[in-house]
Amino acid sequence: MSAEKTKLNGVQRMVKGSDLLIRTLEEMSVKTIYGLPGEENLDMGLRRIHTSGNQFVQSNGVAIRLKSINWFGAEGENYTPHGTWGRSWRGIIDQIKQLGFNCIRLPFSGYMATSNPVPPSSVISASANPDLLGLTALQIFDKIIDYCLASEIYVVLDHHRRTAGVGADGSPVGTGYTLANWKASWAIMANRYGDKINVVGADVHNEPHDLNWTTWAGYVEECGNQIHTIAPHWIIFCEGVGSDASGAFWWGGALGGVATRPVVLTRSGRLAYSPHEYGQSVGVQSWLAYDGQTAPAGWPNNLYAVWQAHWGFIFEQSIAPVWVGEFGGKYGLDGTGAVNPTLSPHGDFEKQWTANLCTYLNGDFTGDGSNDLSAGKLGISFAYWSLNPNSGDTGGMLKDDWQTVQTVKRNLLNRILAGSLWRRRLQPRGVKTCTRSYL
């Protein structure tokens, strides 16, 4: 996030009890097992994920796109994701699934991991969440992660802050919190969740904007290699810093240093880069258009070169997968869903920014309407910020009532949440090889 940002920080359906699980075929592992002619069994279930080139790949060799959303709160002094004061935590996860997301970015603080406090009773509804009362923060995470597994949702753990609080603290090390403390907090999380097949890995620190790239890359290697001694299957997600050779950028978004100094872990196939990318709701940038101002030259097509220079080249050159760990905005709306240009200006321009970002994420790298993805490849993975309506910068996917969806925001993501057209060669037993297409 930038210096201006102050964060408050067909489909197969299965019914399990009251839970409607929706899984797009892009994320499915598909096997054909013919009993009678024309029958096929679609094998559901999560698998370990590794990286290959610029793709996230399941253990059966099928690529997957992580379509994620941020559910924050546990990094603060609630010590539990927000919303548990008013509605069922299971209902929140069910709604995330129904919205089309297959992964949750789950922030926590180093203090939460090492101290494992019991959340204040005021942040947990006794009627909606009696099963959370009296539990420690990590016991609540246990329940969330296990229910996500049952719901076929992946989780990326995010060391959002050193201490419990709000906003980004700029570095994984600081006064009273050393490199050893940071690594120790990750050791706790890796020991506890390393065997959970739906925990993809570790977003090792949020928005390390106080560090230069060389220092940060070294930290990621040291921490990531230690994590792999405990959780060797985990993917290490490396965010950007605050500036690179192309200039100042959003906090966490500047990954230009990868071009000359990539992160190198002992274990191969276990690294992804995770920039943060924002629009007009979060701050002022020279490449963005704002109400009452002259738009930048070439707007909005000027955006593609900006993304490419700071982080997109990593995916375009197949250096590693990219998972945009935060993006989002208010889009001219308030927390009730009403258009409110006083509270949320620049809404039309911000919608243009998001529409073009979705185009880029889907594999049109110049905005010319062409598909620039290599054959068989899926687009860039992402994590929308945020589910929570109480993000001061962006609001959330939900309205202030913590129930109702902001349909304008959801509709802006239609193209990246929809299943992509992709082809996979199937080899059913006793039947000649065939090729099928799935939407």
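Each salt bridge (charged side-chain N to carboxylate O under 4.0 Å, His left out) pair with one or both residues in residues 296-306, not counting sequence neighbours, would appear here, but there are none. Note on residues 246-265: pairs passing salt bridge (charged side-chain N to carboxylate O under 4.0 Å, His left out), not counting sequence neighbours, are Glu221-Arg261.
Partners of Val258 by side-chain contact (heavy atoms from CB on, under 4.5 Å), not counting sequence neighbours, listed by chain and number: Trp213, Leu255, Pro262, Tyr273, Phe313, Ile314, Ile319. In this view, Ala128 and Ser125 satisfy the side-chain contact (heavy atoms from CB on, under 4.5 Å) rule, not counting sequence neighbours. Among residues two or more places apart in sequence or in another chain, the salt bridge (Lys or Arg N to Asp or Glu O under 4.0 Å) test is passed with Asp131 by Arg90, Lys143. Residues passing the ring pair (Phe, Tyr, Trp, His ring centres under 6.0 Å) test with Phe141: none are found, sequence neighbours excluded. With sequence neighbours excluded, no residue forms a salt bridge (Lys or Arg N to Asp or Glu O under 4.0 Å) with Asp372. Take Phe382 and apply the ring pair (Phe, Tyr, Trp, His ring centres under 6.0 Å) test, not counting sequence neighbours, and it matches no residue. The side chain to side chain donor-acceptor pair (under 3.5 Å) test applied to Gln280 returns no partner, not counting sequence neighbours. Take Trp234 and apply the ring pair (Phe, Tyr, Trp, His ring centres under 6.0 Å) test, not counting sequence neighbours, and it matches no residue. Here Tyr219 pairs with nothing under the ring pair (Phe, Tyr, Trp, His ring centres under 6.0 Å) rule; sequence neighbours left out. With sequence neighbours left out, Ser88 forms a side chain to side chain donor-acceptor pair (under 3.5 Å) with no residue at all.
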For the pair Gln352 and Leu303, evaluate side-chain contact (heavy atoms from CB on, under 4.5 Å) and give the outcome as yes or no after the intermediate values. CA-CA 10 Å; Gln352 292 177 35; Leu303 295 170; over 6 Å; no
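At a cut-off of 3.5 Å, with distance as the only test, a side-chain donor of Asp169 or His205 sits close to an acceptor on the other residue. Between the side chains of Gln95 and Trp402, not a single donor N or O lies within less than 3.5 Å of an accepting N or O.
Residues Trp385 and Tyr278 keep their aromatic ring centres 6.0 Å or farther apart. Between Phe56 and Trp323, the gap from one ring centroid to the other reaches at least 6.0 Å. Aromatic pair Phe315/Trp307: ring centres not closer than 6.0 Å. Under the 6.0 Å cut-off for aromatic ring centres, Phe108 and His159 qualify, their centroids lying closer than that. For Trp250 and Phe327, the ring centers sit 6.0 Å or farther from each other.
For the atom pair CD1 (Ile153) and CZ (Phe101), the distance works out to 10.5 Å, reported to the nearest 0.5 Å. Atom-to-atom distance recorded for Arg48:CZ and Lys196:NZ is 10.5 Å, nearest 0.5 angstrom. Rounding to the nearest 0.5 angstrom, the gap separating the CZ atom in Arg415 from the CG atom in Asp364 is 9.0 Å. The structure places OH of Tyr290 at 7.0 Å from NE2 of His346, a figure rounded to the nearest 0.5 Å. Taking CH2 of Trp353 as the reference point, atom CG of Leu412 lies at 9.5 Å (rounded to 0.5 Å). With rounding to the nearest 0.5 Å, the separation of OG in Ser109 from CD in Glu75 is 8.0 Å.
Closest heavy-atom contact between Lys330 and Lys409: O-CE, 3.9 Å. A pairwise comparison of heavy atoms in Leu135 and Pro119 identifies O-CD, 3.2 Å as the closest pair.
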